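Since the structure comes first, as C-alpha cells, the remarks are kept for the end.
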Protein chains: 2
Amino acid sequence: MTVSLRERRRQQTARDIQIATLELAAEKGLETITTEEIAAAAGVSTRTFFNYFTNKETAAIGAPPAFKEEDLQALREGTGSLAADIKIFLDKHIEVLAGDEPILKLIGSVLRSNEKARGILEGFLAMGRIELRDCLNTRVGNPYAAAALASSIMDTIGRAIYLWEHEDGLSLVAALDVIWEGTIRASQLLAAPSE
Amino acid sequence: MTVSLRERRRQQTARDIQIATLELAAEKGLETITTEEIAAAAGVSTRTFFNYFTNKETAAIGAPPAFKEEDLQALREGTGSLAADIKIFLDKHIEVLAGDEPILKLIGSVLRSNEKARGILEGFLAMGRIELRDCLNTRVGNPYAAAALASSIMDTIGRAIYLWEHEDGLSLVAALDVIWEGTIRASQLLAAPSE
DNA sequence: GCAAACATTGCACACTATGCAAAGAGGCAA
DNA sequence: TTGCCTCTTTGCATAGTGTGCAATGTTTGC
C-alpha cells in the first residue's frame with residue numbers, strides 16, 4: 001500500500017483543483033469563472049490545470065465513485081426477491097455517496113446550470129448502466145429487461161440525490177427510501193393487467 | 001396559419017445550418033470541424049451562425065419534437081390499463097420521430113462521441129420527463145411513482161432509438177416493441193414478491 | 001414610400017484548450 | 001551523496017469559441 005510522494009501529490013493537486021472549482025462555482029457560477037481564476041485559487045498555473053482536467057466541468061465533477069465489485073456480485077448471486085436484492089445494492093452504494101455529502105451538494109448545483117457538466121456526468125452514468133445491465137442480465141437472463149432495470153436503478157439514485165438536495169432535514173438514506181417506494185409502485189402499476 | 005417571410009427564412013436558415021453541421025460532422029466528426037466551416041457550408045457568416053445557435057452541438061441537435069398535447073391528454077384520461085395507454089402514447093410519439101429518420105441517425109452518431117451534445121440532449125429529455133411526470137401524476141396520484149414511470153418511458157424511447165440505429169433491417173416501430181417488452185418484463189420482475 | 005423592427009455582417013476582444021520546449025523536483029542505484 | 005532518469009510544472013505560441021457592438025441591409029406595417 002505504499003504510495004509514492006509523487007502519487008500523493010498528484011492526488012492532492014487534483015483534489016485542490018476540484019475543491020477550488022466547486023467553491024468558486026458555488027460563489028459565482030461555473031459559467032462566469034475562468035480557468036485562470038480556478039488555477040490561481042488552487043495555487044497552480046493555468047497550464048497545470050489543463051494537465052489535470054480537460055475543462056472546468058470535468059474538474060467540478062471529478063471521478064464519481066464506481067460500484068463495488070462485491071456489491072455487484074451480491075446482486076448477481078442474491079437469493080432474495082429481485083427487488084429486495086436491488087434495494088440492498090442501492091443502500092450500499094448510497095452509503096458510499098453519503099461519505100462525500102458536501103461535495104455532492106456542490107456538484108448538484110453545478111449540474112443544474114451547466115449543460116456540458118450534465119453531458120460529462122451522463123457519460124459516467126452510461127458506464128454505470130452498462131455495468132449494472134450486464135450484472136443483472138446474468139441474473140434475469142433477459143438483456144432488455146436487464147437494461148430497463150439498470151436504467152431504473154440509476155434513475156432512482158439520481159432522483160434520491162435530487163430529493164435530498166432539495167428537501168431540508170432529509171438524509172440521503174431516507175430520500176432513497178422515499179424514491180425507491182415510488183419506483184416499486186411504478187412497477188406494480190405497469191405490471192398490473194389493469195388498474 | 002400565415003407565416004411571415006421573415007419567419008420562414010429564419011426556419012430555413014436554422015435548418016440549413018443544422019443540416020450543414022450534421023453532414024460535416026458525419027464526414028469528419030463534430031470535434032474536428034470548426035464553426036467557420038459550418039457557417040461557410042450553410043452559406044452564412046460565422047457571426048450569423050452564432051446568432052442562431054450558441055455552439056456546434058446545439059446546431060447539430062436542433063429542437064427535438066415535443067410531445068403532442070392530444071397524446072398527453074389521452075394518456076391522462078385513458079381508461080385502458082396503464083401499460084396499454086403508455087404503449088399507445090409511445091407509438092404515437094415514435095411515429096413523429098420516424099418522420100425524421102435520416103436526421104435522427106446523424107444525431108445519434110454525434111451523441112455517441114460528444115459529451116457536450118449529450119448534455120444538451122439531457123436538458124431536453126429532462127423537460128420531457130417533467131412534462132410526462134406531471135401528466136402521469138394526475139392519473140396515478142403518486143408523484144414519486146409518476147416520476148419513475150416518466151423516466152422509464154423516456155428511457156424506453158432512448159433505447160428503442162439506439163436499438164434501431166444499431167440493428168440493420170429493424171424499423172423504429174419494431175425496435176420500440178422489443179424494448180417495450182423488456183420494460184414490462186422488468187416491471188414484473190420488480191413487482192413480484194419473489195422470483 | 002417611410003419609419004420601425006429585425007437580420008446579417010465585420011471587427012474587437014476575452015476565454016478555452018493544446019503542442020512544444022525549458023526548467024524544476026522526485027526516484028533510484030551505485 | 002552524487003548523478004541520471006523520469007515525471008511535473010510552467011511559459012509561450014497558436015487555433016478555435018463565443019459575445020458585444022456598431023454599421024449596413026431587408027422586411028413589415030402604416
Side-chain angles (χ1 to χ4, degrees), chain A residues 1-22 24-25 27-62 110 113-120 123, chain B residues 1-22 24-25 27-62 110 113-120 123:
Chain A
M1 216 41 181
T2 22
V3 183
S4 70
L5 174 57
R6 253 185 201 160
E7 188 54 25
R8 264 180 292 135
R9 286 215 174 146
R10 251 200 107 71
Q11 300 293 336
Q12 188 56 47
T13 304
R15 197 167 172 84
D16 286 350
I17 294 174
Q18 185 186 15
I19 303 278
T21 305
L22 286 171
L24 282 171
E27 193 186 327
K28 308 203 259 170
L30 190 59
E31 310 285 356
T32 60
I33 62 179
T34 67
T35 51
E36 208 172 324
E37 277 183 272
I38 298 171
V44 296
S45 73
T46 308
R47 193 62 190 77
T48 297
F49 172 93
F50 284 109
N51 285 345
Y52 280 84
F53 300 100
T54 56
N55 49 53
K56 290 189 277 194
E57 289 75 18
T58 308
I61 292 180
V110 165
S113 68
N114 189 296
E115 291 173 339
K116 197 165 172 182
R118 274 201 303 270
I120 291 164
Chain B
M1 219 38 180
T2 22
V3 183
S4 69
L5 173 59
R6 245 181 210 164
E7 188 55 25
R8 261 180 295 136
R9 284 211 178 148
R10 255 201 103 73
Q11 300 293 337
Q12 188 55 47
T13 303
R15 197 167 172 85
D16 287 349
I17 294 175
Q18 186 186 13
I19 303 279
T21 305
L22 286 171
L24 282 172
E27 194 185 327
K28 307 203 260 169
L30 190 58
E31 310 284 356
T32 61
I33 61 179
T34 67
T35 52
E36 208 171 325
E37 278 183 272
I38 298 170
V44 296
S45 72
T46 308
R47 192 64 189 79
T48 297
F49 172 93
F50 284 110
N51 285 345
Y52 279 83
F53 299 100
T54 55
N55 50 53
K56 292 189 274 193
E57 289 75 19
T58 308
I61 292 182
V110 165
S113 68
N114 190 294
E115 289 174 338
K116 197 165 171 181
R118 275 202 301 272
I120 291 165

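This is a predicted model, so every value here is computed, not measured.
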Rounded to the nearest 0.5 angstrom, the CG-CD1 distance for B/L24 and B/I38 is 6.5 Å

**Message:** Need one value for B/T54: base, sugar-phosphate or nothing, where a base atom within 4.0 Å counts as base even if backbone is also close, heavy atoms only.
**Reply:** sugar-phosphate

Begin with the C-alpha distance, continue with both residues' side-chain angles, and end with the deciding distance and a verdict on side-chain hydrogen bond (donor to acceptor under 3.5 Å, both in side chains) for A/D16 and A/T13. CA-CA 5 Å; A/D16 286 350; A/T13 304; 5.3 Å; no

Between NZ of B/K56 and C1' of C/dA17 the distance, given in whole Å, is 12 Å

The correct set of residues in residues 10-20 of chain B placing a heavy atom under 4.0 Å from DNA chain D is none

Heavy-atom nearest pair, A/T21 first then A/I17, reads OG1-O, 2.7 Å

Axis-to-axis angle for the helix from C/dG1-D/dC30 to C/dA30-D/dT1, ends of five pairs each, to 10°, equals 30°

For residues 50-59 of chain A, the salt bridge (charged side-chain N to carboxylate O under 4.0 Å, His left out) pairs (sequence neighbours left out) are none

Rounded to the nearest 0.5 angstrom, the CD-CZ distance for A/Q12 and A/R9 is 10.5 Å

All heavy atoms of A/A60 vs all of A/V110, minimum pair found to be CB-CG1, 4.4 Å

A/R47 has its side chain closest, among C/dT9, C/dA17, C/dG19, to C/dG19

When every non-hydrogen atom of A/A41 is compared with those of A/A20, the smallest separation belongs to CB-CB, 4.1 Å

To the nearest angstrom, the CG-P distance between B/N51 and D/dC21 comes to 14 Å

Between the OG1 atom in B/T54 and the CD atom in A/E115, the distance rounded to the nearest 0.5 Å is 6.5 Å

Of the candidates D/dC21, D/dG18, C/dA7, the side chain of B/F50 sits closest to D/dG18

Can any side-chain N or O of B/E37 pair as donor or acceptor with the backbone N or O of B/T34 at less than 3.5 Å?
yes

When rounded to the nearest 0.5 Å, the distance separating CD1 of B/I19 from CZ of B/R15 is 4.5 Å

Within residues 30-43 of chain A, those residues having any heavy atom closer than 4.0 Å to DNA chain C are A/I33, A/T34, A/T35

- Under 4.0 Å between any heavy atoms, over every strand shown, what does B/N55 touch: base, sugar-phosphate, or nothing? Just pick one. sugar-phosphate

query: Does A/K116 have a side-chain nitrogen or oxygen under 4.0 Å from the phosphate oxygens OP1 or OP2 of C/dA17?
result: yes

Residue set satisfying salt bridge (charged side-chain N to carboxylate O under 4.0 Å, His left out) with A/E31, at least two apart, ordered chain then number -> none

Per-nt protein contacts along nucleotides 22-30 of chain C (heavy atom under 4.0 Å; B base, S backbone sugar-phosphate only, - none) come out as ---BBS---

Note: for B/F53 and A/T48 on DNA chain D, the residue whose nearest nucleotide lies more 5' is A/T48

- Query: So, A/R47 and A/N51: side-chain donor and acceptor under 3.5 Å apart, yes or no?
  - Reply: yes

Expected output: side-chain B/T32 to main-chain B/K28 donor-acceptor under 3.5 Å: yes

Here the distance between atom C1' of C/dA17 and atom CD1 of A/I120, to the nearest Å, is 13 Å

At less than 4.0 Å, is any side-chain N or O atom of A/Y52 found next to OP1 or OP2 of D/dT9? Yes or no.
yes

For A/F49 and A/V44, the nearest pair of non-hydrogen atoms, with its separation, is N-CG2, 4.3 Å

